[in-house]
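Atom set for the values below is all heavy atoms of this structure, side chains included, hydrogens, waters and symmetry mates excluded.
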Amino acid sequence: TLIAPKAGSLKKGSPVFYKQIEVGEVLSTYWDSPSQKLKLRIFIREAYAKEVHPNTLFYNASGINAKIGLNSLSIAMESLETIIAGGISFFTPSSYKQKPVKNNSSFTLYNTKEEASNTYFTIKFLAKDSFGLKVGSTLTYKKVVLGQVEKIDLQDEDVLLEVQVDTRYKKLINKETIFWLEGFEIGFGGVKNPSAAISGPSITLKPGYSTQKTQRFILNPKSPPPHFKEEGLRINLSADRLGGLKENTPLYFRQIQIGSVISYTLNANSTALNIEVFINPCYAHLIRKNSYFYNASGIGMDISIFGAKLKTETLESIITGGIGVLTPDDYLQKAQDEDHFKLNEDFDEDALDWKPKLISDKENCS
């Protein structure tokens with residue numbers, strides 16, 4: 001089914017072309033009252049049905065499409081037959097073909113081939129390697145496909161990639177947009193991007209907010225640091241050792257995750273570690289100048305004459321590590337960005353009795 005702004009000279013029996021070969025015809029045209037749209041039912045012969053893909057573009061090839069410029073006259077027409085009887089043509093913009101569509105799929109019918117082609121725009125990347133990307137590898141954001149790789153070539157010692165992007169997502173791409181490679185990963189924290197094991201790596205992005213546009217970008221081999229350019233509280237913890245902590249290790253308040261580890265480095269004289277932690281803005285009010293941080297990774301075991309007592313923050317922290325934080329009843333003012341705290345290896349059980357009343361001033365926080 002083709003959804004069209006107008007039928008023009010198209011009618012029952014009008015031909016459908018692929019590469020100027022007649023491959024089908026219009027079965028009917030009708031006005032769909034519920035959607036308030038004009039629709040055309042078309043038939044494509046079985047031998048050519050496999051040429052119709054989810055990103056295939058259809059356009060009205062009827063009549064003559066003329067452009068008059070300062071130095072030339074450009075005339076485009078699909079065939080002499082389309083001038084008289086009207087006709088529809090289709091093409092797939094990428095050299096990579098997705099799976100053919102099934103019966104009863106719907107597409108937009110564009111007025112001209114130029115209008116159909118303008119549904120995509122091209123951006124380019126320079127990278128040190130192709131990283132396993134191929135023609136047809138996808139560009140995604142929040143698991144939604146925005147476009148795909150159209151061309152891969154060498155430019156001096158770098159790899160040049162051209163990506164075709166759906167115009168609907170143009171607002172996501174500007175001078176501050178960051179792009180990186182998203183591939184299959186497996187570790188103690190679980191499997192990341194399992195689909196990439198079959199389909200190969202893809203490109204993903206973090207939208208920028210600049211008003212400046214560009215079509216050339218750098219493709220980073222890995223994702224930016226966690227919570228990059230994200231609103232929230234950033235503090236530093238001093239620890240004697242890393243233990244099971246790593247990037248994205250969760251931070252818990254009363255067993256609720258309120259943040260995570262961004263990064264970790266040795267301090268200036270290498271006597272301890274400095275661990276940078278991000279706290280979600282909805283929970284920033286929980287962190288005070290005298291908050292108590294402790295390492296919740298693994299299992300702590302206290303043995304006494306009355307038996308064994310098991311201590312851990314959550315089952316997840318046993319496997320992936322974790323940090324806990326509590327705030328005393330006599331809490332001080334709110335913590336600020338870059339404040340420093342000690343990360344305690346042993347847990348003070350008296351802290352479990354703390355029940356400060358801490359109310360957020362943030363809206364839309366549950």
Side-chain angles (χ1 to χ4, degrees), residues 1-69 72-122 135-136 138 144-151 162-170:
T1 302
L2 303 183
I3 302 168
K6 58 183 179 179
S9 58
L10 297 173
K11 59 184 182 299
K12 181 179 179 179
S14 292
V16 176
F17 294 94
Y18 176 68
K19 295 185 181 294
Q20 296 187 326
I21 299 171
E22 186 175 338
V23 299
E25 64 177 302
V26 175
L27 298 178
S28 64
T29 62
Y30 63 96
W31 176 254
D32 183 50
S33 294
S35 65
Q36 291 291 292
K37 292 177 180 178
L38 178 69
K39 295 187 177 182
L40 295 86
R41 291 284 292 172
I42 68 169
F43 168 79
I44 297 174
R45 292 196 288 274
E46 185 177 0
Y48 300 96
K50 62 181 182 294
E51 303 299 338
V52 183
H53 306 272
N55 58 333
T56 293
L57 299 168
F58 290 82
Y59 63 95
N60 192 332
S62 304
I64 297 175
N65 180 25
K67 275 187 178 181
I68 300 175
S72 63
L73 171 64
S74 173
I75 299 178
M77 58 184 178
E78 202 68 20
S79 73
L80 184 61
E81 183 180 358
T82 62
I83 298 177
I84 303 168
I88 295 168
S89 283
F90 66 88
F91 68 98
T92 302
S94 174
S95 55
Y96 169 73
K97 300 250 175 91
Q98 302 175 42
K99 290 182 179 180
V101 298
K102 297 180 180 180
N103 278 326
N104 302 313
S105 297
S106 294
F107 294 85
T108 297
L109 178 64
Y110 294 94
N111 289 320
T112 64
K113 185 175 183 178
E114 182 184 28
E115 184 181 315
S117 299
N118 285 341
T119 58
Y120 290 88
F121 67 100
T122 300
V135 172
T138 56
V144 175
V145 176
L146 313 183
Q148 56 192 21
V149 176
E150 186 73 15
K151 183 180 178 181
E162 293 187 7
V163 176
Q164 203 169 59
V165 187
D166 192 313
T167 305
R168 291 177 298 167
Y169 306 114
K170 200 166 188 174

note = Output for pair (S89 OG, E22 CD), nearest 0.5 Å, gives 10.5 Å
ask   = Do the non-hydrogen side-chain atoms of T56 and V101 ever get within less than 4.5 Å of each other?
value = no
request  = Under the salt bridge (charged side-chain N to carboxylate O under 4.0 Å, His left out) rule, collect the residues that match up with E162, sequence neighbours excluded.
outcome  = K124
task = List in chain and number order the residues that pass side chain to side chain contact (heavy atoms under 4.5 Å, CB included) with L146, two or more places apart in sequence or in another chain; answer none if no residue qualifies.
result = L139, Y141, V144, V165, Y169, L172, L205
task = Would you name the heavy atoms of H53 and E51 that are closest together and state the gap between them?
result = CD2-O, 3.2 Å
task = Please examine the side chains of V23 and F90, heavy atoms only from C-beta on, and report whether any two atoms are closer than 4.5 Å.
result = yes
query = Hey, does N55 have a side-chain heavy atom less than 4.5 Å from the side chain of Q164?
reply = no
Within 6.0 Å of CD in Q36, more than 12 heavy atoms from elsewhere = yes
Distance-minimising heavy-atom pair for K50 and P100 = O-CG, 3.7 Å
request  = Measure the spacing between CG of N60 and CD1 of I88 and express it to the nearest 0.5 Å.
outcome  = 6.5 Å
task = Mind checking side chain to side chain contact (heavy atoms under 4.5 Å, CB included) for K37 and listing every partner two or more places apart, or none if nothing turns up?
result = I3, S35
key: Partner set under side chain to side chain donor-acceptor pair (under 3.5 Å) for R41, not counting sequence neighbours   = T1, N104
Value rounded to 0.5 Å, distance of NZ in K11 from OG1 in T29 = 10.0 Å
ask   = Does F107 have its ring centroid less than 6.0 Å away from the ring centroid of F58?
value = yes
inquiry  = If the condition is side chain to side chain contact (heavy atoms under 4.5 Å, CB included), which residues does F91 pass it with, not counting sequence neighbours?
reply    = L57, Y59, P93, K113, A116, S117
request  = Work out which heavy atom in A4 is nearest to a heavy atom in L109; give both atom names and the distance.
outcome  = CB-CD2, 3.8 Å
request  = Using side chain to side chain contact (heavy atoms under 4.5 Å, CB included) as the criterion, list what pairs up with V145, not counting sequence neighbours.
outcome  = T138, T140
key: Criterion side-chain contact (heavy atoms from CB on, under 4.5 Å) on N118 and T167, from CA distance to verdict   = CA-CA 8 Å; N118 285 341; T167 305; 5.8 Å; no
key: Contact check, side chains of T108 and T119, non-hydrogen atoms, under 4.5 Å   = no
